[in-house]
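Order of the sequence lines sets the chain letters (A, B, ...), proteins ahead of strands, with each chain counted from 1.
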Number of protein chains: 2
Amino acid sequence: MTTHLPHPHHPDVPEEINGLRMTRQRQEVYRFLLGERSHPTANEVFMRIKEALPHVSLATVYNCLEALVQHNAIRKVNFDREPSRYCPNLAEHGHFHDETTGTIHDVKFKPGISLADVLDLPPNTVIKDVEITLRGQLT
Amino acid sequence: MTTHLPHPHHPDVPEEINGLRMTRQRQEVYRFLLGERSHPTANEVFMRIKEALPHVSLATVYNCLEALVQHNAIRKVNFDREPSRYCPNLAEHGHFHDETTGTIHDVKFKPGISLADVLDLPPNTVIKDVEITLRGQLT
DNA sequence: AATTTAAATTAGAATAGTTCTTGATCCAAT
DNA sequence: ATTGGATCAAGAACTATTCTAATTTAAATT
Ligand SMILES: [Mn+2]
Ligand SMILES: [Mn+2]
Ligand SMILES: [Zn+2]
Ligand SMILES: [Zn+2]
């Protein structure tokens, strides 16, 4: 193993996000996700940032993704038991899985809609997180 | 390996469900799920029906569960990447995960509510399946 | 600037839920 | 009774993810 030169920071990603120090690896992961709307998997992130960081490991990609999720910089989304995917859209939204193409699309809530209006929730329920997944076809 | 005596069918489960022949193993899996509201995992089903079928294998439980799901007799529900759980409630409903107790509760939709009323769906979208998951606390 | 301390990264092993493979067994139809 | 297809059982294989341990990097302290 060779020694590494210090990694310059990328200009368009801040040095810190929500108290998380942005190392070079975290920057590459975060920057790639910001420009992606495809909800890539950890492995897809890994293959992509290897172009900029040939020595990066998959474990580090998992570490970076987890750190970014923990600091609310990105979101982790799951479809059934498929590999987890990662989403840079921090607004509350759902996910539509187009079965024809395999693509995933963000779906916004209509303005002014609250879940309590739609769901028959038990009393004294405090909702911390909501997940809405749709499967179907774009005709 | 010893030879097995023929297994009698259980009186309260039909011989066939939606075209799926109900073997003794499928009957035990199905009958246990019908009486459960806890959304058990495959392993929990396995441990429970072993009491009635000591020779049953975990692979068979997975096979039975998959067959029942495929024939719309039960539903498979996933929470993040936790082990899959199985639900006998065929009505359209969501799942509330109580973080305090770890229990899962079915959540009905309010009558007369359509998803198109709530979500800003792209045009020409045909929804085949919806999944709503809530996480929070029952205070 | 050198030293110390802590955080982050890496490579590979380990984990765990699920699926697959293969041979045995069951069952319906001939 | 025999055949053929479905089902089952046991264990191996698979795979996304997590863990471990050693190294490297960065921050903090002297
Ligand atoms: Mn992946
Ligand atoms: Mn299980
Ligand atoms: Zn998204
Ligand atoms: Zn349910």
Side-chain angles (χ1 to χ4, degrees), chain A residues 1-9 13 15-30 39-47 49-50 52-71 73-74 76-86, chain B residues 1-9 13 15-30 39-47 49-50 52-71 73-74 76-86:
Chain A
M1 172 62 60
T2 71
T3 57
H4 296 185
L5 294 173
H7 290 305
H9 278 241
V13 173
E15 303 256 330
E16 196 174 300
I17 295 183
N18 295 342
L20 179 69
R21 186 160 63 86
M22 288 303 272
T23 64
R24 181 74 204 284
Q25 288 83 352
R26 287 173 187 159
Q27 279 184 54
E28 290 294 338
V29 168
Y30 182 59
H39 300 80
T41 63
N43 197 52
E44 285 164 354
V45 174
F46 174 54
M47 294 196 299
I49 73 170
K50 259 198 297 199
L53 290 171
H55 293 280
V56 77
S57 73
L58 180 56
T60 295
V61 172
Y62 274 105
N63 288 342
C64 292
L65 289 168
E66 185 58 21
L68 289 164
V69 167
Q70 236 38 52
H71 288 75
I74 62 173
K76 185 176 187 171
V77 323
N78 292 294
F79 299 92
D80 300 332
R81 295 192 52 88
E82 292 172 16
S84 293
R85 296 175 172 276
Y86 297 87
Chain B
M1 170 64 49
T2 71
T3 55
H4 296 184
L5 294 174
H7 289 306
H9 278 242
V13 172
E15 304 257 328
E16 195 174 301
I17 296 183
N18 295 342
L20 178 70
R21 187 159 61 87
M22 288 304 272
T23 63
R24 182 73 205 283
Q25 287 83 351
R26 288 173 187 159
Q27 278 185 54
E28 289 294 337
V29 168
Y30 182 59
H39 299 80
T41 64
N43 196 53
E44 285 164 354
V45 174
F46 175 54
M47 294 195 300
I49 72 169
K50 259 198 299 200
L53 289 171
H55 292 282
V56 78
S57 74
L58 180 55
T60 294
V61 171
Y62 273 105
N63 287 341
C64 291
L65 289 168
E66 185 59 21
L68 289 165
V69 167
Q70 235 38 51
H71 288 75
I74 62 173
K76 185 178 190 171
V77 323
N78 292 293
F79 299 92
D80 301 330
R81 294 192 52 86
E82 291 172 16
S84 293
R85 294 175 173 277
Y86 297 87

Interatomic distance, [X] atom [atom1] to [Y] atom [atom2] [nearest 0.5 angstrom]:
| X | Y | atom1 | atom2 | result |
| --- | --- | --- | --- | --- |
| Thr41(A) | Met47(A) | OG1 | CE | 7.0 Å |
| Ser84(B) | His39(B) | OG | NE2 | 12.5 Å |
| Arg24(B) | Thr60(B) | CZ | OG1 | 13.5 Å |

(request) Identify, with sequence neighbours excluded, every residue that meets side chain to side chain donor-acceptor pair (under 3.5 Å) alongside Asn63(A). (result)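 If we apply the side chain to side chain donor-acceptor pair (under 3.5 Å) test to Asn63(A), skipping adjacent residues, there are no hits.
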(message) Any side-chain to backbone donor/acceptor pair from Arg81(A) onto Arg81(B)? Under 3.5 Å, distance only.
(response)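 Checking the backbone N and O of Arg81(B) against the side chain of Arg81(A), a donor-acceptor pair under 3.5 Å is found.
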(request) State whether the side chain of Arg26(B) and the backbone N or O of Arg21(B) hold a donor-acceptor pair below 3.5 Å, judged by distance alone. (result)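 At least one qualifying donor-acceptor pair exists.
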Could you check which of [options] has an atom nearest any side-chain atom of [X]?
| X | options | result |
| --- | --- | --- |
| Ser57(A) | dC27(C), dT10(C), dC20(C) | dT10(C) |
| Val56(B) | dC19(D), dA9(D), dT17(D) | dA9(D) |
| Ala59(A) | dT19(C), dC19(D), dA16(D) | dC19(D) |

[X] [atom1] to [N] [atom2]: how many Å, rounded?
| X | N | atom1 | atom2 | value |
| --- | --- | --- | --- | --- |
| Met47(A) | dA16(D) | CE | P | 11 Å |
| Asp80(B) | dT18(D) | CG | P | 11 Å |
| Met22(B) | dC27(C) | CE | P | 15 Å |
| Phe46(A) | dG12(C) | CZ | P | 11 Å |
| Arg24(A) | dT25(D) | CZ | C1' | 14 Å |
| Glu66(B) | dG17(C) | CD | C1' | 14 Å |
| Leu20(B) | dA6(D) | CG | P | 13 Å |
| Glu44(A) | dT17(D) | CD | C1' | 16 Å |

(request) Using a heavy-atom cut-off of under 4.0 Å over every strand shown, decide if Asn63(B) touches base, sugar-phosphate, or nothing. (result)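 Answer is nothing: Asn63(B) stays at 4.0 Å or more from every strand.
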(request) Considering non-hydrogen atoms only, spot the tightest contact between Ala42(B) and Leu58(B) and give its length. (result) O-CD1, 4.2 Å
(message) Using C1' atoms of five pairs at each end, report the bend of the helix from dA1(C)-dT30(D) to dT30(C)-dA1(D) rounded to 10 degrees.
(response)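 What I find for the helix from dA1(C)-dT30(D) to dT30(C)-dA1(D) is an axis angle of 20°.
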Below the 4.0 Å mark, does [N] have OP1 or OP2 next to a side-chain nitrogen or oxygen of [X]?
| X | N | result |
| --- | --- | --- |
| Tyr62(B) | dT18(C) | yes |
| Arg21(B) | dC27(C) | no |
| Gln25(A) | dT25(D) | no |
| Thr23(A) | dT9(C) | yes |
| Arg81(B) | dA16(D) | no |
| Thr60(A) | dA8(C) | no |

(message) Could you check whether any side-chain heavy atom of Leu53(A) comes within less than 4.5 Å of a side-chain heavy atom of Gln25(A), counting everything from C-beta outward?
(response)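 A side-chain contact under 4.5 Å exists here.
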